[in-house]
Peer 1: 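The structure is given below, and queries will be raised subsequently.
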Protein chains: 2
Amino acid sequence: MGDHTPVGEFEQLVLLAVLQIGQGAYGVPIRREIEERTGRSVSRGAVYTTLDRLEGKGLLGSWLGEPTPERSGKAKRLYRVERSGITALKESRSALRSMWTGLEAMLGEL
Amino acid sequence: MGDHTPVGEFEQLVLLAVLQIGQGAYGVPIRREIEERTGRSVSRGAVYTTLDRLEGKGLLGSWLGEPTPERSGKAKRLYRVERSGITALKESRSALRSMWTGLEAMLGEL
DNA sequence: GAACGAATGTATACATTGTAGGCATTCAGG
DNA sequence: CCTGAATGCCTACAATGTATACATTCGTTC
């Protein structure tokens, strides 16, 4: 049976947030995107740890922002979703869809 | 922000499998349902452990099947999804949907 | 009726993910 | 300088994912 690169629940949210933001995705807005869209609060640490792990798996790529940022704070680390990240997201969604098929009616659309 | 009862990826699959099967959902068919629909293989142990945990959280309820089963094997333990299980599933789906909004076009429908 | 095998469930163990809190770094402004 | 805001990283522990091995029950076979 298919191998299956496991992608956790929260990891999916992070990958999707990076996609939603597009250019200029880094820790702070990624966190905000998740909190605003899902309505649940997330710690900064949770986000950074997950970003690290996703990069480790090759699903995300990152680089440092402006070498001499005209603002406060450490240099931003920017992220983008790699091809394999997209694939993983699609697979997860596909699996969930198959399992949901036919149940929407029974449980109510929303 | 909302509390959030976390439900893992695999836990969702198990809950959904129980719903799909309806009456007479127990370990073996639950496992088969997941494997057939998602195309990924799962060990028996993974299924039973997850069923236990979901029951512990109150998302699933269980009882033993026929006291004198007319067949081989131990008595089947049957499961049903509780109200809280349905709620958890809907919340997970809702969060994922919000995060996906607008990305389908970009990534292709399937 | 003892031994075997199929169907099921349970126990145990370890890897991966989820999640938070605190420490470190950089720069603007008093 | 010192302080505060904006970021990122480190560390630790809880929850979930996942597999292997063990136990129980009953029909079948010799």
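Chain letters run A, B, ... following the sequence lines, proteins first and then strands; every chain starts at 1.
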Peer 1: Donor-acceptor pairs under 3.5 angstrom involving side-chain atoms of residues 20-27 of chain B: please list them, not counting sequence neighbours.
Peer 2:
{"from": "B/Gln20", "atom 1": "OE1", "to": "B/Arg37", "atom 2": "NH2", "distance (Å)": "3.1"}
{"from": "B/Gln20", "atom 1": "NE2", "to": "A/Met99", "atom 2": "O", "distance (Å)": "2.6"}
{"from": "B/Gln20", "atom 1": "NE2", "to": "A/Thr101", "atom 2": "O", "distance (Å)": "2.8"}

Peer 1: Using atom CG of B/Leu60 as one end and atom C1' of C/dG9 as the other, report the distance to the nearest whole Å.
Peer 2: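 One finds 16 Å between C1' of C/dG9 and CG of B/Leu60, rounded.
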Peer 1: Over how many whole Å does the gap from A/Phe10 atom CZ to D/dT16 atom C1' extend?
Peer 2: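 Value for this atom pair: 15 Å.
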Peer 1: Separation of A/Arg32 atom CZ from D/dA6 atom C1', in whole Å?
Peer 2: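 Roughly 12 Å, once rounded to whole Å.
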Peer 1: Calculate the interatomic distance between A/Leu54 atom CG and C/dT17 atom P; express it in whole Å.
Peer 2: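 Distance, rounded to whole Å: 9 Å.
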Peer 1: Given C/dT17, is OP1 or OP2 found less than 4.0 Å from the side-chain N or O atoms of A/Lys57?
Peer 2: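 It does, given that an N or O in the side chain of A/Lys57 lies less than 4.0 Å from OP1 or OP2 of C/dT17.
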Peer 1: B/Gln12 has an atom CD; how far is it from atom P of C/dG18, in whole Å?
Peer 2: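 Result: 11 Å.
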Peer 1: Answer yes or no: is there an ion pair linking B/Lys57 with B/Glu55, defined by an N-O contact shorter than 4.0 Å?
Peer 2: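 A salt bridge is absent here (no side-chain N lies under 4.0 Å from a carboxylate O).
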Peer 1: Does a salt bridge link A/Arg93 with A/Glu91, judged by any charged N lying under 4.0 Å from a carboxylate O?
Peer 2: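 Answer for the salt bridge query: no.
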Peer 1: State, with a plain yes or no, whether a side-chain heavy atom of B/Leu59 is found less than 4.5 Å away from one of B/Leu89.
Peer 2: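 No. Closest side-chain heavy atoms not under 4.5 Å.
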Peer 1: Could you state the CD1-P distance from B/Ile34 to D/dT18, rounded to the nearest angstrom?
Peer 2: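 So the two atoms are 10 Å apart, to the nearest Å.
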Peer 1: Has B/Arg40 got a side-chain N or O lying under 4.0 Å from the OP1 or OP2 atom of D/dG17?
Peer 2: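 Result: no.
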Peer 1: Quick check for you: to the nearest 0.5 Å, what is the distance between A/Leu13 atom CG and A/Ile30 atom CD1?
Peer 2: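 Here the interatomic distance stands at 12.0 Å.
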Peer 1: Decide side-chain contact (heavy atoms from CB on, under 4.5 Å) for B/Phe10 and B/Thr49; before the verdict, give the C-alpha distance in whole Å, the side-chain angles of both, and the deciding distance to 0.1 Å.
Peer 2: CA-CA 11 Å; B/Phe10 189 62; B/Thr49 302; over 6 Å; no
Peer 1: Under the side-chain contact (heavy atoms from CB on, under 4.5 Å) criterion, do B/Arg80 and B/Trp63 qualify, and how do the steps go?
Peer 2: CA-CA 9 Å; B/Arg80 70 166 175 193; B/Trp63 64 98; 3.9 Å; yes
Peer 1: Any side-chain heavy-atom pair from B/Leu54 and B/Tyr79 closer than 4.5 angstrom?
Peer 2: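 Sidechains of B/Tyr79 and B/Leu54: no contact.
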Peer 1: In B/S/- notation, 5' to 3', how is nucleotides 7-14 of chain D contacted by protein heavy atoms closer than 4.0 Å?
Peer 2: BBB-B---
Peer 1: If an axis is fit to five pairs at each end of the helix from C/dG1-D/dC30 to C/dG30-D/dC1, what is the angle between the two, to the nearest 10°?
Peer 2: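 Here the local axes at opposite ends form an angle of 10°.
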Peer 1: Given atom CZ of B/Arg31 and atom P of D/dT18, what is their separation to the nearest angstrom?
Peer 2: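 So the two atoms are 13 Å apart, to the nearest Å.
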Peer 1: Can you check the B/Ile30 CD1 to C/dA7 P distance for me, whole Å?
Peer 2: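 Result: 17 Å.
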Peer 1: Where do A/Leu78 and A/Leu64 land on the side-chain contact (heavy atoms from CB on, under 4.5 Å) test, with the steps shown first?
Peer 2: CA-CA 6 Å; A/Leu78 300 168; A/Leu64 285 179; over 6 Å; no
